[in-house]
Amino acid sequence: SRVPHPFEGCCRLGGSTIAMGKKITATIDELKEQKAQLEQQIKATSTAVEKTLQERLAALEERLRGEVREVQESLDRANQEHASLAEQSVEKASEIARADIAEADRVLRAEIEALKPLLDGSIRESREALEQRILEVDGATRDAFLQELQGCVERIDQELGATRDSLQAVVSDTARAAAEALEKARQDIAGDVNRARDESMSKAEEAKEQMLLSLHESVEEQGRTNKKLDQKLKGSVMDIEYKIADVEKDIQKRADATALALQEAVKKAERELALLTTQHTERFDGVDNSIQQLRFLFSDVENVPTRKVEWVIKEAASRLKVPTTIPEGEDEIPLYTSVMSHPFDAAGARALKLELRYYRPTDPPAADQHRGDLALFLHAPEGTHIAFKLTVGNCSDTFEHRFRQNDPLGTRRIAFLKEQVHSVKFTLTLGVEILECIYSFDKKPPPPEEQEVSEEETPVVPLDTVFRMQRHVNNRVLDQVKQQVDYFRKRATRRIEWRLEEASMMKRCFPRGAPMRSQEFDAAGIEGMSLLFFPSGYDSAFDGWCSAFLYAPQGASLRCSLQVGVQKRELNHTFDREGQCGRANFVRFEEAVDKDEDCVFVTLQIEEAHLDLVAQMHHPPPPAVGCRSLAHEATPMRPLGSTVKMQRALDSLPACLQEVKVLPSLWATKNYHELAVKVDGLRPIKDVRIRQHRPKSGARRSPSTPLLH
């Protein structure tokens, strides 16, 4: 069955039926179906060709694998028979395989090349025939459609012309009949209008006469009514005048009463206003006092954590001048110029001030004139106890003082102005750091609340009291805790390890008698110890031996072990004077060196330690000792001396609390044959010298050491 063409058959336009003159043998849908069939055939042909090629390639690969297996089997058999025959067989098999592969490749390529032109030709011919057929069908369809449209347009034009003529004739007849009817209607309307005008004129005359009669009657009636109203109006006016007089009297009475009430209300309002004013004034005063107290408390909150205050003087070099003239009432030029700062609060204390004194040079010079020309003083309220540090530029001094009235405390001459002025900003920075402060002040208690008291009871008069407050701010707690923690950490240190690098170069850099000295360390509660190692030996050591010593302060008693490399020596010594203890012939240098790491390990293990502290005191006799006569002067009594000895014993700590301190490997800055390389005081134990820069009392005082005077 074939789908009919849309233009095939009859076409009805304008009420008439038009027959088509030509039939088309092929449709667009048929062409699309044929095109789709051709494309499917092309795809099927391509798929078949690809499938054929894949099958032949797979067969060729299988054939090649079989030949390779055969070659491998032949190679295995040949290897078993003889090596030379195997090589020949391999070469022949390889040549045969290569030839077979080349031949199979050539045959496959030839088949593919032979099939390719046929496929390309058939595809190209099918595409050309399809395109030609599509063009022919499209041209025939366009021509037939154009002819049919032209015929339809001509017939439509003819029918429209005939319809136009008939419509024009009908319109002209209708217009002529309408004009005649209109003229006749106009004449009828004119006659009716004339008749209606005459009737209306006659009726208007009659109505006018009747209205005049009724008007005269109405005027007469209105005159009679007006007379009656005038009489009634006069009576009403008299009544209203009497009522107005009564109302005026009533209003006057009420006005008088209202004036009296208003005066009383004004007086009452004034009394209440005065009372409210007094109450609000008291409340506002209380609010002002509360705000003042809050400001005071806020200033305290801001004041207490303030630890350091710096006073910066701009253009100090040009603004600060030494006195050059004698002031009125004085006999000489003042020794210094004084500059006071504004009051400030810090560390809980109030109304603190700094005073800078700029001294002039004198002749002869003052005792401390060589120290500088600037001094800084602190002013504080009476009763304030402060530990503080005053700073002028980069110079500082620490004080602790309880202030009295007009009793400033400060430094002596501490620095020169020209040295402390900033070279770029030309400013002088002064400062005070509050370390600890005890500030006393009085605070009044809040007034008691008023209580209602009956007439029979006697009112109680409150006592005039005051609270005396003492504010204590300590900014040294953290530093003191850190010192104590460091001290206990040093006490817990019982093992010291010292690693010396580059052992292969030690004997060249440190000849006989030249030591390597560790940095000072604190361990087991003893401060100022150090280790000495002589790579080439001490002066009295044997050749090839190295020496090791422990340096400790006066009063230290140690039971410990000193180890260098694999050699370990026990030491048990009490240091009557500061010096060293060890062995000149400790171990041979080769045995002390760790050859894998090229280093020397020196280890100190402290088993037991204690420190003796000695302090000498002088006790002068009281003034009343001895009798004084009038004839002979009494011989003055000399102070008596005494000595206090204390021993700080260190208990052994458990292993979990003991620490190991690792010392850095520091080489001496001079490594050659110089006398400066030898350490001062390094002599045999029987000939130990006391170093001058060490105090005679032994170890440096730690935070827990008692102050002995």
Side-chain angles (χ1 to χ4, degrees), residues 295-296 299-300 302-362 366 368-369 371-422 425-441 471 473 475:
R295 288 179 179 175
F296 188 79
S299 63
D300 283 345
E302 182 182 5
N303 171 22
V304 170
T306 303
R307 176 175 179 174
K308 187 174 182 180
V309 178
E310 289 188 348
W311 180 27
V312 180
I313 302 176
K314 298 181 179 180
E315 300 179 0
S318 59
R319 299 293 296 275
L320 296 178
K321 302 293 183 181
V322 295
T324 56
T325 59
I326 300 175
E328 295 182 1
E330 299 290 339
D331 297 334
E332 60 182 5
I333 301 174
L335 186 60
Y336 57 84
T337 298
S338 177
V339 181
M340 296 290 293
S341 70
H342 294 286
F344 60 90
D345 304 334
R350 293 183 172 276
L352 302 179
K353 291 183 181 179
L354 288 176
E355 179 188 2
L356 177 65
R357 295 180 181 179
Y358 184 24
Y359 291 87
R360 64 179 177 84
T362 59
D368 56 351
Q369 185 171 333
R371 296 180 178 275
D373 53 11
L374 296 177
L376 187 62
F377 288 80
L378 177 66
H379 294 256
E382 183 180 1
T384 305
H385 191 182
I386 308 181
F388 58 96
K389 181 170 71 172
L390 294 175
T391 304
V392 179
N394 54 12
C395 301
S396 62
D397 203 353
T398 305
F399 305 91
E400 183 172 354
H401 183 64
R402 184 179 184 87
F403 286 86
R404 300 178 179 85
Q405 189 174 8
N406 299 324
D407 180 26
L409 180 67
T411 65
R412 53 186 177 179
R413 298 190 182 193
I414 192 172
F416 288 96
L417 175 64
K418 61 181 180 180
E419 295 178 355
Q420 302 303 326
V421 173
H422 197 279
K425 299 180 180 178
F426 305 105
T427 58
L428 177 63
T429 302
L430 312 172
V432 56
E433 183 179 0
I434 309 299
L435 304 177
E436 189 172 356
C437 177
I438 301 176
Y439 177 69
S440 301
F441 60 96
R471 183 179 294 155
V473 177
N475 294 322

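Just the heavy atoms: all of them, side chains too, but no hydrogens, waters or symmetry mates, feed the values below. Counting begins at 1 with the first residue of the sequence.
Note that OG1 of Thr337 is 13.5 Å distant from CZ of Arg319, once rounded to the nearest 0.5 Å. One distance of note links CD1 of Ile434 with NZ of Lys308; it measures 11.5 Å at 0.5 Å rounding. Rounding to the nearest 0.5 angstrom, the gap separating the CD1 atom in Ile333 from the OG1 atom in Thr362 is 11.5 Å. In this structure, CD in Glu400 is found 9.0 Å from CG in Leu435, a value given to the nearest 0.5 Å. Between the CG atom in Leu320 and the CD atom in Glu315 there is a gap of 11.0 Å [rounded to 0.5 Å]. Distance check: Asn394 CG to Thr429 OG1 gives 10.5 Å after rounding to the nearest 0.5 Å.
Side-chain contact check for Trp311 versus Leu356: some heavy-atom pair is nearer than 4.5 Å. Leu354 has its side chain within reach of Phe344: a pair of non-hydrogen atoms, C-beta onward, lies under 4.5 Å apart. No side-chain heavy atom of Ser318 sits less than 4.5 Å from a side-chain heavy atom of Phe426.
Applying the 6.0 Å contact sphere to CD of Gln369 captures more than 12 heavy atoms from other residues, nucleotides or ligands. Residue-environment remark: CZ (Arg307) exceeds the threshold of 12 foreign heavy atoms within 6.0 Å.
Judged by distance alone, with hydrogens and angles left aside, the side-chain atoms of Asp345 form no donor-acceptor pair with the main-chain N or O of Leu352 at under 3.5 Å. Checked by atom type and distance alone, the side chain of Thr427 never pairs as donor or acceptor with a backbone atom of Val312 at under 3.5 Å. Remark: the backbone N or O of Tyr336 is not paired with any side-chain donor or acceptor of Arg357 at under 3.5 angstrom. Formation of a donor-acceptor pair under 3.5 Å by the Arg471 side chain with backbone atoms of Ala347 is not found in this model.
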Let me have the donor-acceptor pairs involving side chains of residues 372-380, under 3.5 Å, with sequence neighbours excluded, atom names and distances please.
residue: Asp373; atom: OD1; partner: Leu417; partner atom: N; Å: 2.9
residue: His379; atom: NE2; partner: Glu355; partner atom: OE1; Å: 2.7

Taking it one step at a time, do Val322 and Tyr359 satisfy side-chain contact (heavy atoms from CB on, under 4.5 Å)?
CA-CA 6 Å; Val322 295; Tyr359 291 87; over 6 Å; no
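The ring pair (Phe, Tyr, Trp, His ring centres under 6.0 Å) contacts involving residues 389-419 comprise Phe388-Phe399, His401-Phe403, where partners must be two or more places apart or lie in separate chains.
Here Lys389 pairs with Glu433 under the salt bridge (Lys or Arg N to Asp or Glu O under 4.0 Å) rule; sequence neighbours left out.
Taking each heavy atom of Leu428 and Gln420 in turn, the nearest pair found is CD1-CB, 3.7 Å. For the pair Pro343 and Ala351, the tightest heavy-atom approach, listed with the atom from each and the gap, is CB-CA, 4.4 Å. Across all their heavy atoms, Tyr358 and Lys321 have their closest contact at CD2-C, 3.8 Å. Residues Arg360 and Pro334 approach most closely at NE-O, 2.7 Å, considering heavy atoms.
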